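Keep in mind the model is a prediction, meaning the values are calculated, not measured.
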Amino acid sequence: MSISTSVLSDLLKSLPYLRPQLYFKASLTALSHAMEDQVLAATLVQPLVIASFQRERFYRQEAHRYQRLALRSNQVYVLSAPETDFANSSEYYEKVAFEPEDGLSQEWHLIVIADNYATCLVCRESLGSIAKNSQLPEISPNLDMDTARRFEGIWTSERGVSLKAAQLLLDRIVVYRPELANKIEKARQRFGIGELRNYSGVEQVSEYACDIDTDPFVQRLVTYLQASQYKLHKAYRSITAQARKERLVNSISTAIRRSLDPHEVLQVAAQELGQHLEACRCLIYRAQATDSQAVIEHEFLTPGTVSVRGQTWELEKNPLFREIVQQGEGVCVNDTLTDNRVINSVGLSLIAKKFAIRSWLIEPVFYQGRLLGIVELHYCRMPPHDWQSGELDLVEAIATQVGAALIQAEAYANLEELNQQLEALDRTRSNLIAITGHELRTPLSTIQVCLESLASEPDMPLELQQVMLNTALSDSERMRKLVQDFLTLSNLESGRVEWHPESLTLQECVDLALSRNRTRSSEEKPPQIKTQITQDLPLVRADGDWLVEVLAKLIDNACKFTPPQGEITIKAIRNKNQMVEVTVADTGRGIEPNRLEVVFDRFYQEEGALRRTTGGTGLGLAICRQIVNGWGGEIWAESFGKDQGSQFHFTIPIVQSSKEEKRSKVKSK
């Protein structure tokens, strides 16, 4: 015989009056367990039991039941296509390993034949509806989706059908295990298997009719129906809860999209969440991980519940809040009267007692790992609230939406600041246009006039020619410095500068800066410049060229705003932060207190962009700040006001050497 044929097809051909029915996987499980339970419950022994499980994985789920069945009979046969260690054996019962290509790998069989009853279940897995005229559909390739698996076949208690099915399977078993032929022959003779001929299913009913105990079937099917009803009810509740959750999340999301007022959005979130979860109190407030206190901003209350809006919540000594910060997830307190975190905290105990909190949920509001706020739910009724997993998931989902609202609140709060920054940027653009137009046009016009005069007046006296040349050279230098300052600041701000730090003596850098200042062409006499730098000042670590540039620009700035009879002082000390602090002080025009920071802005000058008597681009101090920040220092200005002089300070890192450390230790002794 061909082992690729279907047992179900052979059975339907032999008994054409049979009509296959459609079964789901769960139904077959219930029927097969009922048939097995009938064997286990019977007082008679030695029935014939034949089971085919398609694959070994399905057999492994039922192996323990067949060990129990083997105690009732020595005529138990189990068939399966091996996947790991299933093999032909006679331990406990007879195992028959058939080839995966066998038609049995697509079918599920269970046959029980006893002296007084017989039942059989013969099914084939199917994708479509019941085939007509025994035309079976294709086999489903996906055997892992148990809930979607469907079978069609025969389940009956007619003895003749059961005997025929047993005959077909026993013939198949002999093919795979010929050594069992004698044992199988005994079963054939005992139950009359293979003796029936031309069975129609009508005449034989009375011949094999008997009193069959159907109670195991009834109990098993009732249990299955009850379990199915429970699963259906559970699924319905889950779908309903999910729908309510989606409606709640959507309502809050809609409020966030529609309103630009974060307070309105957060109040809607508190109201909707509190009502949905039937809490006595729902709070939403802003809090960060480092905050010591928080003010309750938004609240939902049920009638008769005490309000806490406007109250200040202590966070620094709150163990629940600390736990949230450390673990990054919500905290749930089932009963504040028994929870050790509440009992052992005086503050939490007072809050729980004062506001009648019996069950407490605190959910953090995070955005990209940053704590933005807190959502709290309070239940003040008896008995304590039994938190469900669905409720916790819902609160977490709402906290995500609240996080979006708080981010929106931050953007809303920063809108004015952003507008101010845009206005400042616009002013910078206007200043750039005005300064470049003024600073470039003025010297360019002067140069043009001088050159035209020299070209058109060949008889001009030599002394006047020299004046014209000097003027043109001076203004061309002025233009060069302007372009150079633009390029320098652009390179510093874009990070295109390569730093070359080295160990330097500050006095040497000051001398170079003063030398550069003396070569600056100026008709006016410069103010007196003094230096006060001690000999024991430690070496500094910086890029020498840029350090000289900072000193030169600060000295040049002081000279511009200090009259010839004034004085400029350059001092340096070692401060407490292990840095050298350099000060360039003057007795000149001074700076208003509210201008001490903006003087470092690009294009800033005290007199305005176009009303300057001192010249310059307003880029010098901005360049100094970029350079000092580049080596990790700070720069700032001090002044008592107009005509009170000014002091510009900046810091430079100290070279940490072994000699320097030893010298410091000796001095400290």
>> Strictly by ring pair (Phe, Tyr, Trp, His ring centres under 6.0 Å), give each pair with a member in residues 326-346 just once, sequence neighbours left out.
In response: none
> Does any pair with a residue in residues 316-337 pass ring pair (Phe, Tyr, Trp, His ring centres under 6.0 Å), and if so which ones, sequence neighbours excluded?
Replying inline: none
>> Checking Glu62 against Arg68 for the salt bridge (Lys or Arg N to Asp or Glu O under 4.0 Å) test, could you report, in this order, the C-alpha distance in whole Å, the side-chain angles of both residues, the deciding distance, and whether it holds?
In response: CA-CA 10 Å; Glu62 304 292 333; Arg68 293 171 57 197; over 6 Å; no
Can any side-chain N or O of [X] pair as donor or acceptor with the backbone N or O of [Y] at less than 3.5 Å?
X      : Y      : answer
Gln626 : Leu489 : no
Ser349 : Ser345 : yes
Ser359 : Pro384 : no
Asp291 : Ala287 : no
Ser105 : Pro100 : yes
Thr651 : Met579 : no
Asn318 : Leu320 : yes

Just to verify, what does [X] make a side chain to side chain contact (heavy atoms under 4.5 Å, CB included) with, not counting sequence neighbours?
X      : result
Gln293 : Thr312, Glu314
Ile573 : Glu581
Gln267 : Gln271, His298, Arg309
Glu638 : Trp636, Gln647, His649

>> Ring-plane angle category for Trp313 and His378, please: parallel below 30°, perpendicular beyond 60°, tilted otherwise.
In response: parallel
Distance from [X] atom [atom1] to [Y] atom [atom2], nearest 0.5 Å?
X      : Y      : atom1 : atom2 : value
Leu554 : Phe650 : CG    : CZ    : 6.0 Å
Cys123 : Tyr23  : SG    : OH    : 6.0 Å
His33  : Thr29  : NE2   : OG1   : 6.0 Å
Asp386 : Asn334 : CG    : CG    : 7.0 Å
Met35  : Leu121 : CE    : CG    : 6.0 Å
Leu371 : Ile324 : CG    : CD1   : 8.0 Å

> Can you pull the salt bridge (charged side-chain N to carboxylate O under 4.0 Å, His left out) pairs that have at least one residue in residues 335-353, sequence neighbours excluded?
Replying inline: Glu323-Arg341, Asp335-Arg358, Asp339-Arg341
> With sequence neighbours left out, which residue pairs that include part of residues 271-282 fulfil the salt bridge (charged side-chain N to carboxylate O under 4.0 Å, His left out) condition?
Replying inline: none
>> Consider side-chain hydrogen bond (donor to acceptor under 3.5 Å, both in side chains). Of Glu299, Glu376, Gln311, which one does Tyr285 pass it with?
In response: Glu376
Show the nearest heavy-atom pair for residues [X] and [Y], with the distance to one decimal.
X      : Y      : value
Ile357 : Thr336 : O-OG1, 2.7 Å
Val308 : Ile296 : O-CB, 3.5 Å
Trp499 : Leu492 : CH2-CD2, 3.9 Å
Phe355 : Cys380 : O-SG, 3.8 Å

> Taking the side chain as C-beta and beyond, is there a heavy-atom pair between Val550 and Trp631 under 4.5 Å?
Replying inline: yes
> Quick one: are Leu110 and Ser32 in side-chain contact, heavy atoms under 4.5 Å?
Replying inline: yes
> Between Val540 and Leu547, is a side-chain contact (heavy atoms from CB on, under 4.5 Å) present by the stated rule, with each step listed?
Replying inline: CA-CA 10 Å; Val540 296; Leu547 176 54; 4.3 Å; yes
Salt bridge (Lys or Arg N to Asp or Glu O under 4.0 Å) with [X]: which residues, sequence neighbours excluded?
X      : result
Glu316 : none
Glu36  : Arg65
Arg370 : Glu410
Arg541 : none

>> Less than 3.5 Å apart, any donor N or O on the side chain of Arg57 or Gln61 sitting next to an acceptor on the other?
In response: no
[X] ring center near [Y] ring center (under 6.0 Å):
X      : Y      : result
Tyr379 : Trp387 : yes
Phe151 : Trp108 : yes
Tyr59  : Phe86  : yes

>> As a quick check of understanding, evaluate side-chain contact (heavy atoms from CB on, under 4.5 Å) for Phe366 and Thr400, giving each step before the final call.
In response: CA-CA 7 Å; Phe366 285 106; Thr400 301; over 6 Å; no
>> For a side-chain contact (heavy atoms from CB on, under 4.5 Å) check, start with the C-alpha distance between Val333 and Leu361, then their side-chain angles and the critical distance, and finish with the verdict.
In response: CA-CA 6 Å; Val333 176; Leu361 176 65; over 6 Å; no
